[in-house]
Amino acid sequence: MNSAAALATQGLSEITTNTWVNGRHMVRCARVINETHDVKTFCFLAEQPVLFFFKPGQFVTLELEIESQPVMRSYTISSSPSTPYSFSITVKRVPGGLVSNWLHDNIKEGDLLPVHGPVGNFNCIDFPAEKVLLLSGGVGITPVMSMARWFYDTNTDTDMVFIHSARSPVDVVYQGELINMCSRVPNFHLHLICEREALGFPWSGYRGYLDQAKLDMMVPDLHEREVFCCGPEPYMAAVRNLLKANGFNMEQYHEESFGSTPTEVKQDAVEQAEEAEEAMEAFDSDDLITVEFTESGKSIGVMPGETVHTAAANLGMYIPKACGMGICGTCKVKKVSGEVEMNHNGGITDEDVAEGYILSCCSVPKGKVVIEQ
Ligand SMILES: Cc1cc2nc3c(=O)[nH]c(=O)nc-3n(C[C@H](O)[C@H](O)[C@H](O)COP(=O)(O)OP(=O)(O)OC[C@H]3O[C@@H](n4cnc5c(N)ncnc54)[C@H](O)[C@@H]3O)c2cc1C
Ligand code: FES
């Protein structure tokens with residue numbers, strides 16, 4: 001009997017059914033759905049009856065072993081907690097990417113794997129609003145799709161404008177479902193923008209990029225909306241610029257980065273130096289804690305409470321960072337000496353810790369530390 005049938009047979013009573021809480025959970029792949037030529041959705045069930053409640057927009061981190069190496073990656077939960085008997089993630093193949101391609105090529109129905117979560121501050125529950133603008137580019141559609149599914153399934157009055165930008169018509173994820181949703185309720189307004197046509201797939205909808213003219217047409221009441229945005233960094237930077245140029249109150253703006261570029265890294269050397277100088281002036285230099293990086297030969301003083309990752313970012317150094325919450329393990333670095341307080345959420349093994357590794361995103365120096373980087 002497969003997991004779905006077992007679940008149905010057992011029934012979901014108050015006594016036998018648990019609610020999903022942040023932690024490590026074993027889940028079994030119940031279905032793999034081809035969304036587009038390079039995007040797949042993976043649906044999971046728990047081994048024990050569990051109701052998958054979470055805040056739409058939150059993510060999980062998969063714990064995998066690929067070529068005998070442990071590896072973790074975060075993926076947004078693309079399903080909605082309104083369908084709590086299973087949850088799904090939707091993954092796009094990244095050219096040359098380790099995990100996304102491995103998932104596409106290897107994960108099949110019946111496979112068991114551990115996931116961590118659900119976590120994430122980017123969600124529509126913590127920022128309730130009567131009107132929302134859901135903006136996405138590419139696979140950044142996943143968190144806003146979870147939000148839209150939640151609003152739709154629960155029959156809320158929340159007025160949704162959903163604007164999705166894709167490369168071409170064959171790259172629009174969830175197209176059929178989106179069209180179905182906007183054909184059934186009056187509070188879901190869908191706008192699809194394609195950069196270009198695909199051979200054999202003409203496109204009569206909006207063409208190009210989201211710009212001022214399109215924004216005016218699609219969202220005349222922009223200022224009344226809570227905005228949730230997710231997509232590649234250049235897309236989100238363009239959206240931020242567009243909103244700022246419109247005098248939009250950025251407190252109503254929320255975004256999720258999939259983490260390829262750490263937002264903390266300051267690109268401009270002058271900006272870095274000025275900000276570091278301002279910070280130094282504001283604090284007694286005796287309060288600053290030195291973080292030294294051996295390979296680059298750089299060092300910097302950080303304020304109490306600042307992380308090793310912030311120290312590196314202030315120096316303009318790139319340390320990969322994904323979840324920023326000590327879950328995914330992406331920001332792991334080796335500590336040569338010194339003490340840190342590491343508040344992680346399972347993103348590092350005891351063996352790694354014993355070998356001197358730390359997660360830079362959640363490690364606060366307690367005194368001078370030296371990092372191998
Ligand atoms: C909160 C959160 C939610 C996310 N949600 C989703 C989601 O819903 N769907 C989704 O598809 N993704 C999501 N992501 C992104 C996902 O976590 C992965 O980053 C993505 O799948 C790529 O992982 P990968 O292992 O395939 O690529 P990686 O192996 O990490 O590689 C990424 C890129 O770096 C390049 N690269 C790798 N190694 C090197 C090297 N040595 N030198 C030069 N270049 C190199 C690769 O070619 C590739 O272009 C999310 C990320 C976060 C943080
Ligand atoms: S970025 Fe995920 S653990 Fe640090």
**Asked** Can we call the ring centroids of H254 and F122 under 6.0 Å apart?
**Response** no
**Complete:** The reported gap from CD1 in I107 to CG in L62 (rounded to nearest 0.5 angstrom) is 7.5 Å
Could you tell me whether the side chains of [X] and [Y] share a donor-acceptor contact shorter than 3.5 Å?
X: T90; Y: T142; answer: no
X: T36; Y: D38; answer: yes
X: Y253; Y: E255; answer: yes
X: T294; Y: E372; answer: no

**Message:** Looking at D105 and R93, is there a salt bridge between them, counting it only when a charged N and a carboxylate O are closer than 4.0 Å?
**Reply:** yes
Can you confirm whether more than 12 heavy atoms, excluding those of [X], are under 6.0 Å from its [atom1] atom?
X: E130; atom1: CD; answer: no
X: F201; atom1: CZ; answer: no
X: R207; atom1: CZ; answer: yes

**Message:** Strictly by ring pair (Phe, Tyr, Trp, His ring centres under 6.0 Å), give each pair with a member in residues 87-106 just once, sequence neighbours left out.
**Reply:** W20-F87, F44-F87, F52-F87
**Message:** Strictly by salt bridge (charged side-chain N to carboxylate O under 4.0 Å, His left out), give each pair with a member in residues 136-153 just once, sequence neighbours left out.
**Reply:** R149-E177
**Request:** Considering non-hydrogen atoms only, spot the tightest contact between T158 and A129 and give its length.
**Result:** CG2-O, 3.6 Å
**For the student: nearest non-hydrogen atoms of L178 and V173, plus distance** = CD1-O, 3.9 Å
**Prompt:** Do we get K332 above Y357's six-membered ring, with its NZ or CZ under 6.0 Å from the centre and within 45° of the axis?
**Reply:** yes
**Asked** Is there side-chain contact between F258 and T76, with at least one heavy-atom pair below 4.5 Å?
**Response** yes
**Request:** Evaluate the side-chain proximity of F162 to V132: yes if any heavy-atom separation is below 4.5 Å, no if none is.
**Result:** no
**Message:** If the test is side chain to side chain donor-acceptor pair (under 3.5 Å), which one of N121, D126, N123 qualifies with K55?
**Reply:** D126
